[in-house]
Number of protein chains: 2
Amino acid sequence: MKLQLFAYEQVKTFIKTRITSGAWKPGDAVPSEAALMAQFSISRMTVNRALRELTAEGMVTRIQGSGTRVAELHRISSRLTIRDIKEEVEERGHTYASTVLLVASEKAAAPLAKSLGLGTGSKVFHTVLVHLENGIPIQHEDRYVNPMAAPDFLQTDFTCFTPAHHLLTCAPLTDASYQIEACLPGNEIAKRLRIKPSEACLAITRRTVSGAHVASVARLVYPGTRYSFAGQFQA
Amino acid sequence: MKLQLFAYEQVKTFIKTRITSGAWKPGDAVPSEAALMAQFSISRMTVNRALRELTAEGMVTRIQGSGTRVAELHRISSRLTIRDIKEEVEERGHTYASTVLLVASEKAAAPLAKSLGLGTGSKVFHTVLVHLENGIPIQHEDRYVNPMAAPDFLQTDFTCFTPAHHLLTCAPLTDASYQIEACLPGNEIAKRLRIKPSEACLAITRRTVSGAHVASVARLVYPGTRYSFAGQFQA
DNA sequence: CAGTGGTCTAGACCACCGA
DNA sequence: CGGTGGTCTAGACCACTGG
């Protein structure tokens, strides 16, 4: 139980409530650090921390030499986390399983090679698997891996560790980019997910970078009726 | 041009590179604040700031009395921003337009009333519109608004201001939750978006709260071939 | 120029954890 | 109990903005 708010939290809530109540409109000036020091009888470092955190949260905008203003709040921004599917399933208390459909080493065609930062025809690892929650398919994963980033990738037992899990342990993540879209699965993937080819799916295309190498490119397809992303925002 | 890193940034990059290079594994101990003070010859507040920011970024975990450890990084987390569609289109340098299909006051059925925090049969505002980018439909918006939160909502000229924009100016945002899923549009919406009913769509269902009231419940449908979310992550 | 924010210091007190 | 992190202070110097 939290009995007492810290000084910097008091300053934050003071400013937040004035913004969320509409008393201070976007573009309005927020009291300066000196003014807030006097008002709350606290030191400048404490005021500074409160305002710095509010900046990070997107509530205010600060310009050195000019001042602090209420940010234009015409957006809803929240943390979206794409997690390891196995962890996610197990955290729900369900049983996770996977069906491995392909584990192979291939020569990369031009577009794929380029996206992995390799030469055309270079050797790449290729895996295809279906992830199951309580025996029901929830994700189709088609992944290409750069052998430079994870030389022993193909030796992994993918029924125990997901490809994503293995990659994260042997090739620490430095950058990632992803795209979320809606698509139809196509006949082959529909069959593997045990859905109709006319059922809409969510697809994530993700590219991960580890140090100097592009580690992996993966396309994850989720049946639209069995999966969705949820997010939350709090001022 | 940034010539010199601040002290707290030096500490952050020192720790980050050791994590992303794999030298420090998840669960490993990070040097204590006292150790980093000595190593960098800086004050504790500065070390503390570096570690506090790394905690916020999800790189490390801190437990008072116990210590700081490298976080389990089996997740990719990034900021997903859902913005006002008009701003988004105009920022791309394209022309925005909208077609207003419905502006009405209705009696709420039970599930809707509940979700808006009102009694069954209460008056609610209802709007339906299609948003166009360069004349092409990109979003179908079906929205219900709590009259308590925005009494003059129906008087707005929705060809100039989007409903979201109006709501944000008259009812400051305090909380929001959303769900992203894939779906088929259905015949009516497909016709309005000028797509085939068999084309997969992204749908966002969003609920916004302003102070004590639920302000609005909206369902936004995007043609899958014309829209996707992109995100990025950087360690 | 005065006012603003951005950073930093060298102390301090406290709450918590583990041995 | 010692070591840890969580917070806070009262100063300081600097870079930037605006009139």
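Because the structure is a prediction, the values reported are computed rather than measured. Throughout, protein chains are lettered first and strands after them, A, B, ... in sequence-line order, and every chain is numbered starting at 1.
- Between B:Met45 and B:Pro31, the residue whose closest nucleotide on DNA chain D is further toward the 5' end is B:Pro31.
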> What is the per-nucleotide protein-contact pattern of nucleotides 12-19 of chain C, from the 5' end, where B denotes a base atom under 4.0 Å from a protein heavy atom, S denotes such proximity for sugar-phosphate atoms only, and - denotes neither?
Replying inline: B--BBB--

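- Distance A:Asn48 CG to D:dA15 P: 17 Å, rounded to the nearest Å.
- An OP1 or OP2 oxygen of C:dT7 is reached within less than 4.0 angstrom by a side-chain nitrogen or oxygen of B:Arg49.
- The ring pair (Phe, Tyr, Trp, His ring centres under 6.0 Å) pairs that include a residue from residues 25-46 of chain A are A:Phe14-A:Phe40, where partners are two or more places apart or lie in different chains.
- If you measure from atom CZ of A:Phe6 to atom P of D:dT7, you get 5 Å, rounded to the nearest angstrom.
- Rounded to whole Å, the distance from CG on A:Leu54 to P on C:dG6 is 12 Å.
- Atom C1' of nucleotide D:dG5 and atom CD of B:Glu53 are separated by 16 Å, given to the nearest angstrom.
- Every residue meeting the ring pair (Phe, Tyr, Trp, His ring centres under 6.0 Å) condition with B:His166, not counting sequence neighbours, appears here in chain and number order: B:Phe153.
- For the pair A:Met37 CE and C:dG6 C1', the computed distance is 15 Å after rounding to whole Å.
- Side-chain N/O atoms of B:Arg52 and B:Asn48 include a donor and acceptor closer than 3.5 Å.
- Here A:Lys86 pairs with nothing under the salt bridge (charged side-chain N to carboxylate O under 4.0 Å, His left out) rule; sequence neighbours left out.
- Under the salt bridge (charged side-chain N to carboxylate O under 4.0 Å, His left out) criterion, A:Arg143 pairs with A:Glu141, sequence neighbours left out.
- Computed from coordinates, the A:Glu33 CD to D:dC16 C1' distance equals 14 Å when rounded to whole Å.
- A close approach under 4.0 Å does not occur between any side-chain nitrogen or oxygen of B:Ser43 and OP1 or OP2 of C:dC8.
- Judged as a salt bridge (charged side-chain N to carboxylate O under 4.0 Å, His left out), and not counting sequence neighbours, the contacts of A:Glu88 are A:Arg92.
- For the OP1/OP2 pair of D:dG6 and a distance below 4.0 Å, the side-chain nitrogens and oxygens of B:Arg62 include at least one atom meeting the criterion.
- In this model, the phosphate group of D:dC8 is not approached by any side-chain N or O of A:Thr46 to a distance below 4.0 Å at OP1 or OP2.
- Residue contacts shown for B:Leu51 are absent, as no nucleic acid heavy atom lies under 4.0 Å away.
- Nearer the 5' end of DNA chain C, as judged by each residue's closest nucleotide, is the contact made by A:Thr68, out of B:Tyr8 and A:Thr68.
- The minimum heavy-atom distance linking A:Ala71 with A:Gly58 is given by the pair CB-O, 3.5 Å.
- Atom CZ in B:Arg52 sits about 9 Å away from atom C1' in D:dG6, given to the nearest Å.
- Rounding to whole angstrom units, CG of residue B:Leu36 and P of C:dC8 are separated by 14 Å.
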